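Worksheet: one structure, shown below.
Here the structure is a predicted model, which means the values were calculated and not measured. Numbers restart at 1 for each chain; the letters A, B, ... are given by sequence-line order, proteins then strands. Side chains included, hydrogens not; waters and symmetry mates left out as well; all remaining heavy atoms used.
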Amino acid sequence: MIELRVLRKNFEKLKKGLIERGEKLENFFKILKIIENRKKITNSLQKLQQKLNEESKALSNSSIEEIDQRRSFLRNIRTNIQSLETDFQHLENTLTNLILKIPNLPQDDVPLGESEKNNLEIKQIGIPNKFNFKILDHVELGDKLGILDLERSSKISGSRFAFLKGSGSLLNRALMQYLCNFHAGHGDIELTVPYLVKYSSMQATGQFPKFFEDAFQISIPNSESYYLIPTSEVPVTNFHSNEILPEKELPLRYFSHSHCFRAEAGSAGRDTRGLIRQHQFEKVEMVRFCTEQQSEFEFAEMVSRASKILTELNLPHRIVSLCTGDLGFSSQKTYDLEVWLPSQGIYREISSCSIFGTFQSLRAKIKYRDAKGYLKPAFTLNGSGLPLGRTLVAILENNQQINGTVKIPKVLWKYMNGLKVLTRP
RNA sequence: GGAAGAAUGGCCGAGCGGUUUAAGGCACUGGACUUGAAAUCCAGCGCAAGGGUAACUUUGCCGUGAGUUCGAAUCUCACUUCUUCCGCCA
């Protein structure tokens, strides 16, 4: 969230950022107007409050008669105050709702552009395999190997769900073990998280109010709704909400394996085939809290961490800097890692590493106390490391062989009970 | 599910209708003393929103939201969370 104080002094900067992102300025102008109104009301409200305080205080040693005399006059002031307070509250709510819909501003080093076409490739790692036979996509492979069942899942839950089976389940589990151990091996703290969260938690990380339609809502009679987490970023970032972190403990590095749930409201008809875009998937997520000075280093470390995993898994990939128009709502800079998918002949997003600045921590009230004793909002970052489904897809497609079998990357062997190749049953 | 209690600044903790302008302590910051440190002493020290170039100043904030009152941290009601006890169930 943009701080009101900062916003008021940087209208031009905000406007520039919004234009770069391709946002409409409608809300921006509404905000300007409300701030002016709010100023007027605040002034008259404060004057009345001051008067009432002074008059009341003057009465503290008065006789009953004196109090009786002044009563109706003071009561009148109070009524006026209450009516102004109602107006103020209304304006304040409108203002807050508008500000919550303002996205984060891009950092200066984010490439300008309108859409993903303008994203900037930073580097390529690994060389895509050249296959001298007709390759299969992961759905065909999964079907032939008997490890993926999409027909039965649609019978039970509809589209965008899947069953893994046999050594497919084992591979999924092995991948999770490998990823978690990889991050734990770097000293990150593991969290196992709640999958249902409150509205306020979704608001704190930036999913709500703007992307309410993308979340699964769990309603219970006579009670506040829960929401299924779209990523463990939500519970892990909120792990420290309303907290003050000791500066000497920063940076704090967490990782968490969780299931993720997304309604995919805006993507009907897109990626309907296979495991690429599911309502439910598993992901290992990195989440970090740090100071502004530490943030660029943490960001770079996170990107290289994800890249290292892909390299260990022997998956060709590239790193791309998202342009201003393609940046996520809460992010001020994002590097996507894209893995090579032979069946589609393109690089597909497999990890997204973002630096949020103070955008989330101002919403979630995550602070730290600096050396001078001042409270400052912490910087938050997160990145996928990695999603299980898409990684599975990449492993199957990149490691397929002419006889229809799939080689399992060496780093997973020890989690596969000795299995090194997936073969047809 | 039932009963009782609690929630105050970064932390501990007093206050339970009007000198609260939230005591006192710890922590922190600046200074004095010291070769340096510790200890001691002096001073400062919350968040947010208005006004002012600034010094400064006004308002709001004692879990959240309503209410009573000229006046609420203090009284009333509802809610949330936590603690203890009882019951029930994995």
Side-chain angles (χ1 to χ4, degrees), chain A residues 1-11 31-100 102 194-204 218-227 235 238-250 252 289 291 358-359 361-378:
Chain A
M1 179 164 63
I2 313 291
E3 266 177 301
L4 189 56
R5 191 178 18 176
V6 175
L7 187 152
R8 282 174 46 222
K9 289 181 179 161
N10 297 288
F11 282 136
I31 288 174
L32 292 191
K33 210 170 171 184
I34 289 179
I35 286 178
E36 277 314 303
N37 277 334
R38 184 171 168 277
K39 218 179 266 183
K40 284 179 203 149
I41 293 191
T42 308
N43 273 331
S44 32
L45 179 61
Q46 287 191 357
K47 268 183 204 144
L48 278 180
Q49 280 167 331
Q50 187 176 4
K51 181 151 182 71
L52 185 63
N53 285 346
E54 282 166 1
E55 297 273 351
S56 294
K57 199 168 281 176
L59 281 183
S60 62
N61 288 318
S62 307
S63 65
I64 294 170
E65 291 77 34
E66 278 174 303
I67 292 180
D68 277 344
Q69 264 178 9
R70 309 284 290 154
R71 183 164 289 146
S72 68
F73 171 67
L74 291 173
R75 206 176 258 184
N76 206 6
I77 297 184
R78 196 191 57 187
T79 313
N80 289 340
I81 288 178
Q82 281 171 338
S83 119
L84 273 180
E85 272 175 346
T86 310
D87 295 350
F88 181 81
Q89 201 55 53
H90 179 73
L91 272 187
E92 191 75 355
N93 291 344
T94 316
L95 183 60
T96 308
N97 286 334
L98 286 173
I99 290 177
L100 284 171
I102 298 283
Y195 288 6
L196 297 176
V197 298
K198 297 189 285 188
Y199 186 100
S200 59
S201 303
M202 293 286 272
Q203 181 171 289
I218 310 286
S219 305
I220 330 155
N222 306 318
S223 187
E224 191 189 347
S225 285
Y226 290 107
Y227 301 87
N238 278 286
F239 189 66
H240 286 303
S241 63
N242 286 304
E243 286 186 19
I244 292 164
L245 307 167
E247 190 183 16
K248 61 177 187 290
E249 282 183 19
L250 300 178
L252 270 168
F289 304 84
T291 66
T358 60
F359 189 83
S361 59
L362 287 169
R363 291 171 164 239
K365 299 192 173 67
I366 303 163
K367 300 177 180 177
Y368 70 93
R369 194 173 286 279
D370 73 2
K372 287 272 180 195
Y374 292 112
L375 287 177
K376 286 189 170 172

Could you give the distance separating B:rC28 and B:rU21 at their P atoms, to the nearest angstrom?
-> 30 Å
Walk me through it: do A:His90 and A:Thr86 pass the test side-chain contact (heavy atoms from CB on, under 4.5 Å)?
-> CA-CA 6 Å; A:His90 179 73; A:Thr86 310; 5.9 Å; no
Paired to B:rU35 by Watson-Crick or G-U wobble criteria (both distances under 3.5 Å) is none
Determine the interatomic distance between P on B:rG13 and the same-named atom on B:rA7; round to the nearest Å.
-> 10 Å
Residue mapping more 5' on RNA chain B - nearest nucleotide basis, A:Glu54 or A:Phe88 | A:Phe88
Who pairs with A:Tyr227 by side-chain hydrogen bond (donor to acceptor under 3.5 Å, both in side chains), at least two apart in sequence or on another chain?
-> A:Gln217
Using purine N1 to pyrimidine N3 plus N6-O4 or O6-N4 for Watson-Crick, or N1-O2 and O6-N3 for G-U wobble, both under 3.5 Å, which nucleotide pairs with B:rG44?
-> B:rC28
Does any nucleotide pair with B:rA3 by Watson-Crick or G-U wobble geometry, both distances under 3.5 Å, and what is it?
-> B:rU84
For B:rU20 and B:rA72, measure between their C1' atoms and round to the nearest Å.
-> 12 Å
When the distance from CD1 of A:Ile81 to C1' of B:rU69 is rounded to whole Å, what number comes out?
-> 13 Å
Which part of the nucleic acid does A:Arg38 contact within heavy-atom distance under 4.0 Å: base, sugar-phosphate only, or nothing?
-> sugar-phosphate
Taking atom C1' in both B:rA48 and B:rG30, what distance in whole Å separates the two?
-> 26 Å
Could you give the distance separating B:rC33 and B:rA39 at their C1' atoms, to the nearest angstrom?
-> 11 Å
On a whole-Å scale, what distance lies between the C1' atoms belonging to B:rC82 and B:rU64?
-> 15 Å
Counting side-chain heavy atoms from C-beta on, which of B:rG71, B:rU21, B:rG50 comes nearest to A:Gln46?
-> B:rG50
Among B:rG50, B:rU69, B:rC70, which nucleotide sits nearest the side chain of A:Arg78?
-> B:rU69
B:rG18 and B:rC75, which share atom name P, separated by this distance in whole Å = 11 Å
Partner of A:Tyr368 under side-chain contact (heavy atoms from CB on, under 4.5 Å), picked from A:Glu247, A:Glu243, A:Lys248, is A:Glu247
Mate of B:rA90 where both pairing distances stay under 3.5 Å, Watson-Crick or G-U | none
Side-chain heavy atoms of A:Leu252 within contact of A:Phe239, under 4.5 Å = no
What's the CD-C1' distance between A:Gln82 and B:rG67, to the nearest Å?
-> 10 Å
Using whole Å, report how far CD1 of A:Ile244 lies from P of B:rG46.
-> 13 Å
Could you check how far CG of A:Asn43 sits from P of B:rG60, rounded to whole Å?
-> 14 Å
First of A:Gln49 and A:Leu52 reached from the 5' end of RNA chain B, by closest nucleotide | A:Gln49
With a 3.5 angstrom cut-off on both distances, give the Watson-Crick or G-U wobble partner of B:rA72, or none if there isn't one.
-> none
d(CG, A:Leu84; P, B:rU58) in whole Å | 20 Å
With a 4.0 Å cut-off on heavy atoms, is A:Glu55 in touch with a base, just the backbone sugar-phosphate, or nothing at all?
-> nothing
Which whole-number value in Å describes the distance from A:Lys365 NZ to B:rG63 P?
-> 16 Å
Below 4.0 angstrom from OP1 or OP2 of B:rG71, is there any side-chain N or O of A:Lys57?
-> no
Derivation and outcome, salt bridge (charged side-chain N to carboxylate O under 4.0 Å, His left out), residues A:Lys39 and A:Glu36 | CA-CA 5 Å; A:Lys39 218 179 266 183; A:Glu36 277 314 303; 3.6 Å; yes
May I have the distance from A:Glu85 (atom CD) to B:rG50 (atom P), rounded to whole angstrom?
-> 16 Å
Taking atom P in both B:rC79 and B:rU29, what distance in whole Å separates the two?
-> 45 Å
By the Watson-Crick or G-U definition, both distances under 3.5 Å, B:rA78 is matched with B:rU64
Separation of A:Arg363 CZ from A:Asn238 CG (nearest 0.5 Å) | 11.0 Å
Which whole-number value in Å describes the distance from A:Asn53 CG to B:rG18 P?
-> 15 Å
B:rA22 pairs with, by Watson-Crick or G-U criteria that keep both distances under 3.5 Å = none
Which nucleotide sits closest to the side chain of A:Gln50: B:rU69, B:rG50, B:rU59?
-> B:rU59
Where do A:Ser44 and A:Leu84 come nearest, in terms of heavy atoms and distance?
-> C-CD1, 4.0 Å
Is B:rC16 paired to anything, Watson-Crick or G-U wobble with both distances less than 3.5 Å, and if yes, which nucleotide?
-> none
